[in-house]
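Step one of this worksheet: look at the structure below.
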Protein chains: 2
Amino acid sequence: MTDTGGQRRNATLADIAAELDLHPSTVSRALDPAKAAMVKAPTRRRIVETADRLGYRPNLAAKGLKEGRTATIAVIAADLGNPWVTPIIHGLTSRMTSSGSVPVIAETGDDSSTLAALLDHMVARRVDAIVVLAARRADREIIEATSRLVPTVVAARPLEDIGVPVVRERSRLGGRLLAEHFAELGHRRVAQLRGPEEVLNFPNRAEGFSARASEMGLEEATPRLVAARPTIDEGSRLMDELLDRGPLPTAVFAHNDLLAVGAVAALRRRAQSVPDDVSVAGYNDMPLTEHLDPALTTVRFPGWQVGHEAATVALSLAAGEPRFGDVALDPEFVPRRSTAPPRE
Amino acid sequence: MTDTGGQRRNATLADIAAELDLHPSTVSRALDPAKAAMVKAPTRRRIVETADRLGYRPNLAAKGLKEGRTATIAVIAADLGNPWVTPIIHGLTSRMTSSGSVPVIAETGDDSSTLAALLDHMVARRVDAIVVLAARRADREIIEATSRLVPTVVAARPLEDIGVPVVRERSRLGGRLLAEHFAELGHRRVAQLRGPEEVLNFPNRAEGFSARASEMGLEEATPRLVAARPTIDEGSRLMDELLDRGPLPTAVFAHNDLLAVGAVAALRRRAQSVPDDVSVAGYNDMPLTEHLDPALTTVRFPGWQVGHEAATVALSLAAGEPRFGDVALDPEFVPRRSTAPPRE
DNA sequence: GCCGACGATGCAATCGCTTGCAAGGCGATC
DNA sequence: GATCGCCTTGCAAGCGATTGCATCGTCGGC
């Protein structure tokens with residue numbers, strides 16, 4: 001059990017310079033690949049040698065102060081506990097580290113004032129860019145305001161008419177795909193378990209679904225069921241409400257997989273079979289969805305790609321490249337076992 | 001569609017000072033709650049007023065350079081795509097932000113040289129502490145070396161005889177709990193699908209399981225099945241191998257839930273029922289495990305708490321408090337439907 | 001043999017903020 | 001009314017690295 005209390009102070013350019021009786025600037029140049037040629041080879045060798053004898057690590061904070069960049073990008077999520085964000089963060093991280101930047105992560109808990117505080121904090125940190133995964137409708141202005149100070153990207157959860165680049169899925173298309181699926185299976189009476197209206201993906205999915213549903217002659221059950229948060233519990237609650245109110249639709253579109261899982265659980269508790277009594281479809285195809293009971297019919301939200309693209313946009317904005325258009329990625333319909341033709 | 005190209009330069013202390021014909025140091029004091037009292041009230045008011053008229057945000061990078069701290073803590077995970085890490089990161093983040101620090105996240109892909117490079121990078125960043133979630137046996141030395149430069153904590157995946165604090169679960173206990181469960185159900189012949197030996201949780205779980213199993217008179221099937229990585233695919237592969245080699249055990253302990261999911265899938269493909277033909281237990285109780293098909297018997301790995309504790313230790317080390325002992329958290333047995341008594 | 005040029009290194013300012021110390025001004029004390 | 005001391009503000013150094021410019025020495029050319 002060695003003692004770890006005493007951390008060694010990190011060596012600085014000045015330390016190396018002093019040791020070799022050189023000037024820090026010479027050491028700086030010798031250690032900068034782009035400028036190493038300016039330093040005579042033997043000197044350079046001595047510098048490099050003492051540098052790693054002393055375990056020199058350049059102080060990126062100092063470098064960042066001088067250069068006005070920090071090589072970090074802020075990522076602001078709504079709820080890190082939601083499996084949905086995992087692939088997004090994964091995609092973001094892998095793109096960023098491949099270019100020497102690093103994500104700093106924070107979480108809003110879907111609270112607008114927390115978001116505001118975090119944005120402020122990230123501005124203070126002088127991150128090179130900010131990726132907002134937690135956007136709600138009401139947050140438009142504050143995000144725009146922030147974007148005037150730091151390049152900002154809105155990703156995963158889109159915002160409309162906003163003056164910052166957006167990386168998003170085509171939510172309406174996803175909704176349409178599910179409406180078609182229900183229609184093709186022969187359902188006539190369908191319902192939606194809606195996610196919070198504040199998160200634009202949900203009303204957009206709803207819109208696509210309703211539009212296509214009515215085109216195809218489907219009837220939507222009346223009670224408008226809106227979840228306070230997109231969670232399993234809320235899915236159960238909405239489904240219970242649906243079960244309590246009059247005639248049950250034969251197919252239900254839950255606006256995300258968690259709501260769908262909750263809905264299935266509620267149906268089970270009321271001795272309804274999925275998909276025999278009621279078909280249930282989710283949305284996102286979050287990890288493990290395929291192994292759920294029953295394997296959930298869903299629409300794949302391209303999370304990894306959204307993260308990857310968002311990072312790409314953020315990095316290029318940070319590099320001062322001009323803003324370019326939004327990125328919209330196609331979701332993909334994934335049929336599984338939780339949907340089936342209606343009884344008889 | 002407003003133009004976002006031109007970011008405004010952030011105001012500095014000097015800007016405010018110039019505007020009011022004061023010295024930057026006075027402004028600095030006025031804006032520091034701890035020193036605000038040193039500044040005459042009317043002056044302070046004028047300062048605060050122009051500060052937020054100019055949208056002043058202190059440059060944390062500069063502040064960090066001066067103070068020798070960055071208010072960031074590095075978190076190094078093995079695979080951000082693994083649902084297992086989600087709660088850990090969640091716990092870490094929530095603890096950190098509640099104290100003004102922020103996590104920067106990176107991923108090793110379980111590659112030791114990547115880990116080495118990342119540790120180096122984080123040292124260069126002068127993060128206040130490092131939390132390593134990606135430790136493998138072979139990484140002990142490099143982690144110890146790093147810990148001499150930056151306070152370091154190993155969490156989630158433990159390492160033995162290492163000179164840095166460890167926050168871990170009691171893996172042996174978890175293994176024992178499952179052995180007991182199998183014995184109590186009446187199984188006699190059991191098997192393990194092992195995770196990589198390099199990740200100590202797995203051999204420790206194995207050890208606890210085997211020890212208790214032999215105490216209770218269980219017999220372990222012979223082929224030693226070790227996954228190259230703890231993934232669903234590897235679980236299937238190992239299970240196929242087990243199915244191909246001689247007599248099938250009646251209960252299988254997969255070292256994590258992903259392996260278990262893969263094992264269940266493989267059994268299904270071979271027309272074996274879980275739990276009727278074979279009981280399968282996993283480990284971790286990762287999110288959604290309870291909604292899998294079948295609901296997985298498992299041992300709950302206290303991920304959120306491990307993250308939370310690891311952050312606590314990291315923060316206190318960063319604050320210069322002396323190192324204290326390791327933290328070991330108890331896992332909890334969670335019986336569900338994937339295990340049952342053996343046939344007849 | 002002298003001068004210009006170039007190659008190698010040093011110097012000093014700078015990024016933005018913090019902080020110990022100095023200094024100026026004022027009220028209080030004797 | 002002079003002195004002491006406190007209250008408020010200014011000054012300047014310094015955190016660690018970068019970089020334009022100055023400087024010094026040497027080499028080559030004529």
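Letters A, B, ... are given to chains in the order of the sequence lines, protein chains preceding strands, and every chain is numbered from 1.
Note that the CE atom of Met38(B) and the CZ atom of Arg29(B) stand 5.0 Å from one another [nearest 0.5 Å]. From Glu141(B), atom CD reaches atom CD1 of Ile162(B) across 9.5 Å, with rounding to the nearest 0.5 Å.
In summary, Arg140(B) and Glu160(B) do not engage in a salt bridge, as defined by a charged side-chain N under 4.0 Å from a carboxylate O. Ion pairing of Arg168(A) with Asp326(A) is absent here, as no side-chain N (NZ or NE/NH1/NH2) approaches a carboxylate O to less than 4.0 Å.
For Ser99(A), the side-chain hydrogen bond (donor to acceptor under 3.5 Å, both in side chains) criterion is met by no residue, not counting sequence neighbours. In this structure Ser112(B) satisfies the side-chain hydrogen bond (donor to acceptor under 3.5 Å, both in side chains) test together with Asp139(B), sequence neighbours excluded. Residues that satisfy the side-chain hydrogen bond (donor to acceptor under 3.5 Å, both in side chains) test with Arg57(A), not counting sequence neighbours, are Asp120(B).
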- request: Decide yes or no on salt bridge (charged side-chain N to carboxylate O under 4.0 Å, His left out) for Asp21(A) and Arg46(A), but give the supporting numbers first.
  value: CA-CA 11 Å; Asp21(A) 206 26; Arg46(A) 285 161 55 219; over 6 Å; no
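Note on Asp21(A): only backbone sugar-phosphate atoms sit closer than 4.0 angstrom, heavy atoms only; bases stay farther off.
One interatomic measurement links the two molecules: CD1 of Ile16(A) to P of dT9(C), which rounds to 15 Å at whole-angstrom precision. The interatomic distance linking Arg69(A) (CZ) with dG16(C) (C1') rounds to 18 Å, in whole Å. The interatomic distance linking Ile47(A) (CD1) with dA8(C) (C1') rounds to 11 Å, in whole Å.
The two residues Val153(B) and Val313(B) make their nearest non-hydrogen contact at CG2-CG1, 3.7 Å.
Taking the C1' atoms of five terminal pairs at each end of the helix from dG1(C)-dC30(D) to dC30(C)-dG1(D), the two resulting helix axes are inclined by 60°, rounded to 10°.
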Nucleotide N/O to protein N/O under 3.5 Å, stretch nucleotides 24-26 of chain C:
none

task: Treat primed atoms plus P, OP1 and OP2 as sugar-phosphate and everything else as base, then score nucleotides 15-25 of chain D 5' to 3': B for base contact with protein heavy atoms under 4.0 Å, S for sugar-phosphate contact only, - for none.
output: BBBBBB-----
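Thr70(B) and Arg125(B) form no side-chain donor-acceptor contact under 3.5 Å, judged by distance and modelled atom types alone.
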